[in-house]
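Report on the structure given below.
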Amino acid sequence: MPELPEVETTRRGIAPHLEGQRVTRVVVRERRLRWPIPEDLDARLSGQRIQCVERRAKYLLIQAESGTLIGHLGMSGNLRLVPVGTPVAKHEHVDIELESGLALRYTDPRRFGALLWSHDPLHHELLAKLGPEPLTAAFDGERLFQQSRGRSMAVKPFIMDNAVVVGVGNIYATEALFAAGIDPRREAGSVSRARYVTLAEEIKRILAYAIERGGTTLRDFIGGDGQPGYFQQELFAYGRGGEFCKVCGTTLREVKLGQRASVYCPKCQR
Ligand SMILES: [Zn+2]
């Protein structure tokens, strides 16, 4: 599933080819994504100049003159640029054709993604209640500490809650908790301020590193497969249940927290 670093890498990959371009036509071959693509998307977007491509959480915001296309990659979506008229393969549901002769092509085998139109995207129901971006100053350990007081849920689902901070998916939550030495089962309300400061720093470090690594794949957005190279960083805990801890050699344990597999080291994480 595309996580925040992959979405940010996608944004960086497509933005230079979209910004300043006029849309000539929108071709929708399959409307049934997680929510239906608006019937009038072609009418709304054609003739419009794209002003910028931004990101909020895992939503891409393609801002045109009269509104914004909100894109989400769902479980299996990707966006890449192809020359207009490139033959269409299975699951390639949408082309947004540009005056440059390139088209932004949306592919999504499982169709859990979304393409929606909004005049006020930051107040759209999907975005209005999102917490801070993890890589901004609005997110830090003090905020985690304050928000967690009195919360009895485990710390891992707490930091994966989009109302607390956006974009910390299972991989990044698992790895950040390992790096911070915090047991993912611990009650969110019982974690100290100092440990939340460490945890927030590790979340920022790990996400920033993944985005930096994604930057090496930017050229793949033209003609390539639009896949910004997932999980390129070395994993200490995620997906390693039953294997040995790379730090201390103890066997890593796997539990379910908030319906998600959670791997941790019983010795390194307290
Ligand atoms: Zn260990």
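From a predicted model like this one, the values you see are computed outputs, not experimental measurements. Just so you know, ligand 1 is whichever comes first in the structure, and atom 1 is the first atom listed for that ligand.
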Practice prompt. Quick one: which residue pairs count as a salt bridge (Lys or Arg N to Asp or Glu O under 4.0 Å) with a foot in residues 38-53, not counting sequence neighbours?
Written response: R31-E39, D40-R44, R49-E99

Worksheet item: Hey, is the main chain of P121 close enough, under 3.5 Å, to the side chain of R56 for a donor-acceptor pair?
Response: no

Discussion item. Restricting to ring-ring contact (aromatic ring centres under 6.0 Å, His included), what partner residues turn up for F178, sequence neighbours left out?
Written reply: F236

Item to complete: Using a cut-off of 6.0 Å, state whether more than 12 heavy atoms not belonging to R149 lie near its atom CZ.
Response: yes

Worksheet item: Only one of I182, V155, D140 forms a side chain to side chain contact (heavy atoms under 4.5 Å, CB included) with Y196, so which one is it?
Response: V155

Less than 3.5 Å apart, which donor and acceptor atoms pair up between the side chains of residues 13-22 and the rest of the protein, not counting sequence neighbours?
from, atom 1, to, atom 2, distance (Å)
E19, OE2, V53, N, 3.0
Q21, OE1, S100, N, 3.0
R22, NH1, G47, O, 2.7

Worksheet, complete the sentence: Ignoring waters, protein N/O/S atoms under 2.8 Å from the Zn ion (ligand 1) are C245 SG, C248 SG, C265 SG, C268 SG

